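Single-structure report; data block below.
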Protein chains: 2
Amino acid sequence: MTRVLVVDDEPDFRRALAVTLRSHGYTVVAAADGDEALQLAAEVPPDLVVLDLGLPVLDGIGVLTRLRAWSTVPVLVLSGRSDSADKVDALDAGADDYVTKPFGIDELLARLRVMERRVSSDAESAPVSLGNVRIDAGARRVTVGAEEVRLTPTEWHLLDVFLRSPGRLLSQRELLAEVWGPGYETAQGNLRLYMAQLRRKLEADPSRPVHFVNEPGLGYRFQP
Amino acid sequence: MTRVLVVDDEPDFRRALAVTLRSHGYTVVAAADGDEALQLAAEVPPDLVVLDLGLPVLDGIGVLTRLRAWSTVPVLVLSGRSDSADKVDALDAGADDYVTKPFGIDELLARLRVMERRVSSDAESAPVSLGNVRIDAGARRVTVGAEEVRLTPTEWHLLDVFLRSPGRLLSQRELLAEVWGPGYETAQGNLRLYMAQLRRKLEADPSRPVHFVNEPGLGYRFQP
DNA sequence: GGCGGTCCTAACGCACCCCTAACGCCGCTC
DNA sequence: GAGCGGCGTTAGGGGTGCGTTAGGACCGCC
């Protein structure tokens, strides 16, 4: 299920858009202003973002800039202004698409499908096996041999990030920003703790990790 | 240099667009009809495609469909029709963006930059091969033959600088300033040390370097 | 109110990485 | 052939990052 974050300050418009998106199979999270949007995006990272430019206090470009500091989620910008300079500013600030109000809902849905294609082509979730450890991320289930192992929400969150980029080295900044949200990039002790937890539960010999390897000074790598 | 394939049947428009794109640093290949476009795309795969929908014989949607059979290159569709159904058709057929004529050239360029961002972020993980040594800077991973070689943070940092400018001679001042920061331009012993480390880990015969060559009195050169 | 579970902070060894210094070698200059 | 500067190599000490443990704060549930 694709999760969409809708950011717009007009309650009626926001609600109408949310209803339409839900009727087309999306899971919708709505925010009324920039701060709420950033907070929601950090707590439960969405798959797509629909962002209105005309927000009070923190405007759309501001939201986009701060979001892009740690996230690469596709963002579709909505705006009442069709001025070319506005479009260029938003697109160069990190937006993936720009639609001017009023717009046809069919076009918006089609453009969302384009962004969805890109996301889903990256993420494919099939069960992973490490020796006698089986990880089924979709079903939120881990079994070691015959017996089941329980993971806490934070452990799952961390494991998800690794499953998304197998073999790649993930810097501590990336991991911290992804799991604990932006602003927690300095809580390294936390990351060390949960890496130990994952290893204790998923590695055959936790003191000699094979699948969750640390590269000193760089970060951690998940080896399937 | 980003390669753009421009497909449009109107010679004047095609030429004008090509000139504009070239003046903004793109390498442009132009095609006047669908068959020529597909042939060119197959011969020398472009990084981006700008496709007019109103082509004779094989129309834009047809080109898009055949292209998508084997290529995932980003495609920006141009069209004189602003009808919502046309946009939906093109986007669902595999287009990444849809711009209606007449359009502001600034907007088109901004939208091309968006697609360019995506291509370059994917191509970030393009591994480099030196003999039986494989360097994947994106995944932070180096393998010599079958076994993996670990590099320290400073070694990676230094290697990154070389990978960014292959074949170019880099002065010691440049290297020192880039890796150790400005002010460390005199710590040449340091640089010699880490060059030795890189050679020991990446050269087949470290005492006779082939890829990391010193030019006495000048600096070092990376030969892929 | 008691209790199990989860999450976070702080502190302590230990290993490893980075830097400095010194020495031998080669090629260039005179 | 002697002197010199630049380069490659080795060894050792200081510092930092990592794994680990213990303890307390917070929340939901019985």
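So you know, we letter chains A, B, ... as the sequences are listed, proteins then strands, and number each from 1. Computed from a prediction, not measured in an experiment: that's the story for all the values here.
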I need the CG-P distance between A:L176 and C:dC7, as an integer number of Å. 15 Å
With a 6.0 Å cut-off on ring centres, are B:W156 and B:Y194 close enough? no
Answer yes if the side chains of B:E107 and A:Y98 hold a donor-acceptor pair under 3.5 Å, and no otherwise. no
Grab the CD-C1' distance between A:E215 and C:dC16 for me, whole Å please. 13 Å
One thing to verify: whether A:R111 and B:D96 come together as a salt bridge, which I'm taking to mean a side-chain N less than 4.0 angstrom from a carboxylate O. no
Starting at CD of A:E155 and ending at C1' of C:dG5, how long is that distance when rounded to a whole Å? 11 Å
Find the distance B:R150:CZ to D:dG17:P and express it as a whole number of Å. 15 Å
Nearest-Å distance, NE2 (B:H157) to C1' (C:dC19)? 17 Å
Comparing A:Y194 and B:W180 on DNA chain C - which has the more 5′ nearest nucleotide: A:Y194
C:dA21 P sits how many Å from B:L191 CG, rounded? 17 Å
Examine C:dC18: is either OP1 or OP2 under 4.0 Å from a nitrogen or oxygen in the side chain of B:T152? Give yes or no. yes
Proximal nucleotide (of C:dC8, D:dC7, C:dC17) relative to the A:N190 side chain: C:dC8
Starting at CD of A:Q188 and ending at P of D:dT20, how long is that distance when rounded to a whole Å? 17 Å
Under 4.0 Å between a side-chain N/O of B:Q172 and OP1 or OP2 of D:dC7, yes or no? yes
A:E174 with A:R168: basic N within carboxylate O range, under 4.0 Å: yes
Side chain of B:L193 - closest among C:dC18, D:dC18, D:dT10: D:dT10
Name the nucleic acid region contacted by A:R208, choosing base, sugar-phosphate or nothing; use a 4.0 angstrom heavy-atom cut-off, strictly under. nothing
Pick base, sugar-phosphate or nothing for A:Q197, based on heavy-atom distances below 4.0 Å to the nucleic acid. nothing
Taking the side chain of A:T154 as its heavy atoms from C-beta onward, which of D:dT9, D:dC7, C:dC7 lies nearest to it? C:dC7
In this structure, how many angstroms lie between the C1' atom of C:dT20 and the CZ atom of B:R192, rounded? 12 Å
Could you check whether A:G189 gets within reach of a base, just the sugar-phosphate, or nothing at all, counting any heavy atom under 4.0 Å? nothing
Given D:dG8, is OP1 or OP2 found less than 4.0 Å from the side-chain N or O atoms of B:R200? no
Do the ring centers of B:F212 and B:F162 come within less than 6.0 Å of each other? yes
